[in-house]
Number of protein chains: 2
Amino acid sequence: MKKKYIEIYHTLVEDIQKGEYLSGETLPSEHELSSRFHTSRETIRKALNLLSHNGYIQKVRGKGSVVLDRDKFEFPVSGLTSFKELSERLGQSFRTHVHELTLVKEAKICRQLNCPAGASLWRVIRAREIGGERIILDKDYIRQDLVPELTKEIVQHSLYNYIENELELDISFAKKEIVVEPVTEEDEVFLDLKGHHQVVVIRSYVYLADTTAFQFTESRHRPDKFQFVDFARRTKG
Amino acid sequence: MKKKYIEIYHTLVEDIQKGEYLSGETLPSEHELSSRFHTSRETIRKALNLLSHNGYIQKVRGKGSVVLDRDKFEFPVSGLTSFKELSERLGQSFRTHVHELTLVKEAKICRQLNCPAGASLWRVIRAREIGGERIILDKDYIRQDLVPELTKEIVQHSLYNYIENELELDISFAKKEIVVEPVTEEDEVFLDLKGHHQVVVIRSYVYLADTTAFQFTESRHRPDKFQFVDFARRTKG
DNA sequence: GATTATAATTTGTATATACATGTTTTGCAA
DNA sequence: TTGCAAAACATGTATATACAAATTATAATC
């Protein structure tokens, strides 16, 4: 099946990004959109709810779907955006240094990933260089029973691309934490810290669509180069 | 109107929090829930989508709604949680020091809030003390045309409570940014920095349901006491 | 012309049906 | 007992209708 409402969502996102609808303006009414896309109003509403959820529009009862100004948050470290997408969006030169790609057994991480204590995990350690400076250190632990093979080429190119497109694993959600911590010896070795004594640490547990815990990631950023941008909707009730 | 699906959402959240459904288990099927709540399946689905969106469940096709383990992220600085909710959840003693409550005209902030350049803004500066240490400095700019009156009591007690419950303004969404910056003289004066030379800065633009930009907030945290926890769903397409 | 009442427009909620798609269970057959 | 096919079950998508509630446009009245 094609999932009409997803198609309509993408069409409308493109239209907004092309400037067809400016911020402050309203989209065509649900009724008009449904005749324009030859579909029912409920299907249009599903597409509009996606737009609303992702911060493209605000629906105002009796008025319409008002287009929001997304200019102020064009840096989505948010969501589950990967390093590759990120640096491409920045338009800066980037490199990835693979420092480790090994199989390990770490009972503590296994327990948090809900896999057997003796299970093998891939440990991937990569330094990210942007604009000539190594500013991010990524430490990944991935269940080997779900990803049997990993090569240096894969982790250097795009791990997520391999996992989602080659292995066709359905990455669905993540729990993440952002804190600030003192630098470790590892940070000193692999990063250009420029005198900084603390790093911003993003720890994530990544889950597949079937709720399988899949990966634990620790992303360590030099504080002056760190930015997290988010769109948050208030849950009513 | 009562909004059945909101009611059902809250009922199910309470049930999950009471441990009626354990993580890993599935909720009753949509069909069973609809007969249990005497409503249609679509209404149940709206409630379940809210649960899914807020990280309580993961819907798995053909299987059911699997309850997720929320233990690992019980510290939602996320969303738009206010300081009061936050410290109460922490269960620690807290105090608010009001250092400033004045009307100012700041063209730059006015422009970003889309209000006339000459408009008056409330500037509220508060230091937050938790466990005997002043670790958060909140600087708020609020449009006076939307909030005509503010007193020291209000900003000391709960600003959001006043705005939402007394003025009945409908706070709907926010754009926020998290960065790390050097401490300012102001930070030195109002916070117990304990030798830290950087603070975590959360800048937020807060909007009402009718898309009116309403408030700009800068929340400055001592890095060792800062934590941001989030549940992020991957947008498909 | 200004104010007010009415109608039209637009989004929100609730319900119903049909069929698609993925999972689990059941039952039959080898 | 094992293996496979079919049925039962669960969620996903698409469509339709009716009414509620908020806003905007229109018309009527003073």
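Just so we're clear, the structure is a prediction, and the values are computed from it rather than from any experiment. Values below: every heavy atom of this structure, side chains too, minus hydrogens, waters and symmetry copies.
Within residues 32-49 of chain A, the residues having any heavy atom closer than 4.0 Å to DNA chain D are, in order of number, Thr39(A), Ser40(A), Glu42(A), Thr43(A). Residues from residues 22-31 of chain A that place a heavy atom under 4.0 Å from any atom of DNA chain D: there are none.
Rounding to whole angstrom units, CD of residue Glu7(A) and P of dT13(D) are separated by 13 Å. Taking atom CD of residue Gln58(A) and atom C1' of nucleotide dT11(C), one finds them 12 Å apart after rounding to whole Å. Following rounding to the nearest Å, Ile57(B) (CD1) and dT11(D) (C1') show an atom-to-atom distance of 11 Å. Taking atom CG of Asp210(A) as the reference point, atom C1' of dT11(D) lies 15 Å away to the nearest angstrom. Rounded to an integer number of Å, the gap from CZ of Arg61(B) to C1' of dT11(D) is 7 Å.
The bend of the helix from dG1(C)-dC30(D) to dA30(C)-dT1(D), defined by the angle between the axes of its first five and last five pairs, stands at 10° to the nearest 10°.
Every residue meeting the side-chain contact (heavy atoms from CB on, under 4.5 Å) condition with Ser120(B), not counting sequence neighbours, appears here in chain and number order: Leu103(B), Lys105(B), Gln144(B). Every salt bridge (charged side-chain N to carboxylate O under 4.0 Å, His left out) that Arg126(B) has, sequence neighbours left out, goes to Asp140(B). Residues that satisfy the side-chain contact (heavy atoms from CB on, under 4.5 Å) test with Asp15(A), not counting sequence neighbours, are Thr11(A), Leu12(A), Lys18(A), Glu20(A), Tyr21(A). Partners of Phe216(B) under the ring pair (Phe, Tyr, Trp, His ring centres under 6.0 Å) rule, at least two apart in sequence or in another chain, are Tyr205(B). The salt bridge (charged side-chain N to carboxylate O under 4.0 Å, His left out) test applied to Arg143(A) returns Asp145(A), not counting sequence neighbours. Checked against salt bridge (charged side-chain N to carboxylate O under 4.0 Å, His left out), Lys139(A) has the following partners two or more places apart in sequence or in another chain: Glu186(A). Among residues two or more places apart in sequence or in another chain, the side-chain contact (heavy atoms from CB on, under 4.5 Å) test is passed with Ser40(B) by Glu42(B), Thr43(B).
Remark: the Thr96(B) side chain and the Arg128(B) side chain contain an N/O donor-acceptor pair separated by less than 3.5 Å.
Here Lys4(A) reaches the OP1 or OP2 of dT15(D): one of its side-chain N or O atoms lies under 4.0 Å away. Within the structure, a side-chain polar atom (N or O) of Lys59(A) is placed less than 4.0 Å from OP1 or OP2 of dG12(C). The phosphate of dT13(D) has OP1 or OP2 within less than 4.0 Å of a side-chain N or O from Tyr5(A).
Within the structure, salt bridge (Lys or Arg N to Asp or Glu O under 4.0 Å) contacts touching residues 106-118 of chain A (residues at least two apart or in different chains) are Glu106(A)-Arg123(A). Sorted by first and then second residue, the side chain to side chain donor-acceptor pair (under 3.5 Å) pairs involving residues 24-33 of chain B (not counting sequence neighbours) are Glu30(B)-Arg41(B), Glu30(B)-Arg45(B), Glu30(B)-Lys59(B), Glu32(B)-Arg36(B).
Side-chain contact between Ile142(A) and Leu159(A) is present, with at least one heavy-atom pair separated by less than 4.5 Å.
Take the nearest nucleotide of DNA chain D for Val60(A) and for Ser65(B): the residue whose nucleotide is more 5' is Ser65(B).
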